Amino acid sequence: MAGPREKPIIGIDLGTTNACVAHVRSRIPRVVPTDRGNLILPSVVALSERGEFLVGGVAKDQLVVNPKNTIYGAKRLIGRKWNSRVVQELRNYYSYDIVEGPAGEAAVLLGGQVYTLPQISAFVLAHIKKIAEAFLQRDIPEAIISVPAYYSDAQRQAVREAGKLAGFDVKRIVNEPTAAALAYGFSRGLDQKILVYDLGGGTFDVSVLQLSGNVFEVLATGGDTFLGGVDFDNRIIDYALEEFWQQHKIDLAQSPIAMQRVKNGAEAAKIDLSLIPNAVIDLPFLEERKGRPLDLRLPLSRQRLEELTHDLVERTFDLCDEVLAERRLSPKDIDEVILVGGQSRMPLVQEKIREHFGRPARKGVHPDECVALGAALLGDSLDTIDSVTLVDVLSMPIGIATPTAHMRRVLDKNTTIPSTKSFRLPPPREPGQPIEIDIYQGESDLIVDNEFLGSIRLPAAATGRRIDFKLDEECLLKVSFDDPAKGMTALELATRDTPEALKRALADAAQARAPAAGPEGAEKEKRGGGLFGWLKRG
Ligand code: AMP
């Protein structure tokens, strides 16, 4: 049997809402409690009114009074370009300022200063390191960090960078569903097909894995990066705002502090309703009129919550079926369903799992903890004789831009990693000019909808030479080129600038979206649905 690792290692699940950290002792993975004695740490970083940096629960506590200087949801921004569609949409919803960083990436303003997302996540990771070191009473130099399966190459690189900034030697970036599967099946000698259903704060992620002993093979993965707990909260918020409007003809959305309190109240009621059939959103002194306080007191039943959100739950099952269909599987082929993510605790979700898969979700795998536990198990098993074999897949295609701003796929979705695809370099666009290749990742055929990963530039003389796109076991892209003088040579991706083709495509897309009413109208249009939809009627 393998002895304990020389260097202790921890597994970190860096979630959109919360982070969780685990270590392995005597071959049993355990969660490390936070400084407040909890098992999860809010992934929130803030600058207090007095100029102190706050991380975790204390940072989250001051969100209501200091929303501009409280950074949450960093996981949705990290590794994305500032001008990407996702970032531009999130700017409408987040209470802090999202700005363009030094390399054209999304960054945030905290106390008037620009911070990159790896820097923000590094605050959380450094705090985790401190907590783990205090708890385990030794240095923890190494970590495994989990990321969503759908994370692009740029997002994975950015998480790695955050880990490094926090002082970790990041031994491995692992996909969250794979880590969850490890927590369930590690060293149990199973031969099963499992489905990991991960409904977290901001995203829904589904993966199907084949477990054969300690070989964990991902068969297919998919989901929706814009479907999660906040969408459930938003339905309750819309309902509460509408009620308040009906009673008082006051638009609470105009008051950031009132809105934050409504958001907190809505989420708390939603969580209560997972346990009890009736809850009340009780928010005294939410607004005032002529010096008189106006309260919000809104009873909410589980049944009403289910009416408000059942379509969101239905959508998760459509996505499960889509992912299964990619491998010609159906729900009856699944031996176990593993739940991950806080929102999967909703009773309606569990009921529908039973209906859809003909069996209840697996009990005993804790939805908030299993990713960190699995990451810790993976860390502990590295370099040991009974180590695990992970066979993962690429969750989003990678390709290169064509002159018409389309994406030509080089590596397809669900390609098993590690993997290499080769192609021959096309001639330069203009004779005598260098060859420029812009690389993108995403599902769309149009580059404008995908994430720009970077560019490579080679002399015109390289036309027709071989180029390799290699995905390593962490799903990171390595590009190399058959140099006539040196043989296969690794190339650095340049990511500083936005390629001209993308700039043009973004400008065209913005123009196509802008309604006649001008920028103000465009803003309203964007907010048309969801959270702000009812305002149109007000
Ligand atoms: P995660 O990203 O996994 O931390 O999930 C956080 C999301 O789960 C948030 O939207 C929470 O409101 C939601 N959540 C946490 N606990 C529960 C619960 N018991 N019932 C329903 N949703 C929950």
Side-chain angles (χ1 to χ4, degrees), residues 12-22 31 34 38-44 56-57 60 63 72-78 93-94 121 124 128 145-151 175-177 179-180 183 196-207 223-237 260 262-279 281 300-306 308-310 312-313 316 338-353 361 363 365-375 530-531:
I12 303 173
D13 168 13
L14 191 58
T16 313
T17 343
N18 296 303
C20 184
V21 54
V31 171
T34 71
N38 299 325
L39 298 181
I40 49 175
L41 177 88
S43 319
V44 183
K60 189 179 175 186
L63 178 62
Y72 53 87
K75 190 173 182 177
R76 308 190 80 177
L77 297 169
I78 195 166
Y93 288 101
Y94 281 4
S121 293
V124 178
I128 285 174
I145 307 179
S146 63
V147 297
Y150 59 80
Y151 252 21
N175 283 342
E176 289 164 5
V196 179
Y197 177 105
D198 179 357
L199 190 55
T203 59
F204 175 63
D205 205 351
V206 52
S207 293
D224 184 342
T225 46
F226 277 90
L227 175 60
V230 288
D231 298 294
F232 291 71
D233 301 349
N234 286 345
R235 294 288 172 86
I236 306 173
I237 294 167
Q260 195 54 53
V262 175
K263 273 186 198 172
N264 290 349
E267 185 182 6
K270 175 191 78 174
I271 291 174
D272 284 349
L273 290 173
S274 288
L275 283 176
I276 49 174
N278 292 290
I281 302 176
L300 189 67
S301 65
R302 186 183 287 171
Q303 195 188 350
R304 185 83 190 98
L305 172 65
E306 290 179 355
L308 291 171
T309 58
H310 70 94
L312 300 174
V313 176
T316 64
I338 310 291
L339 296 183
V340 184
Q343 189 62 48
S344 71
R345 291 229 181 80
M346 186 183 193
L348 181 64
V349 168
Q350 315 215 356
E351 214 176 286
K352 294 277 169 190
I353 297 258
K363 290 265 181 299
V365 185
H366 196 293
D368 291 329
E369 298 169 8
C370 59
V371 172
L373 295 173
L531 181 51

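All ligand and atom numbering here is 1-based and tracks the order in the structure. In this text the structure is predicted, and so the values were computed from the model without any measurement. Residues take their numbers from the sequence shown, with the count starting at 1.
Looking at heavy atoms from C-beta onward, Val21 lies out of side-chain contact with Leu41 at the 4.5 angstrom threshold.
Heavy atoms only, all atoms of each residue included: Ala183 and Cys370 are closest at CB-O, 3.3 Å.
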Exercise. Do Leu300 and Ile236 pass the side-chain contact (heavy atoms from CB on, under 4.5 Å) test, and can you show the C-alpha distance, the side-chain angles, and the key distance before you say yes or no?
Worked result: CA-CA 9 Å; Leu300 189 67; Ile236 306 173; 3.8 Å; yes
Problem set entry | Residue pair Asp233, Lys263: steps toward the salt bridge (charged side-chain N to carboxylate O under 4.0 Å, His left out) verdict | CA-CA 7 Å; Asp233 301 349; Lys263 273 186 198 172; over 6 Å; no
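Ordered by chain and residue number, the residues placing a heavy atom less than 4.0 Å from ligand 1 are Thr17, Asn18, Gly200, Gly201, Gly229, Glu267, Lys270, Ile271, Ser274, Gly341, Gly342, Gln343, Arg345.
Aromatic ring centroids of Tyr197 and Phe204 lie under 6.0 Å apart.
Residues meeting the side-chain contact (heavy atoms from CB on, under 4.5 Å) test with Leu348, sequence neighbours left out: Glu306, His310, Val313, Met346, Glu351, Lys352.
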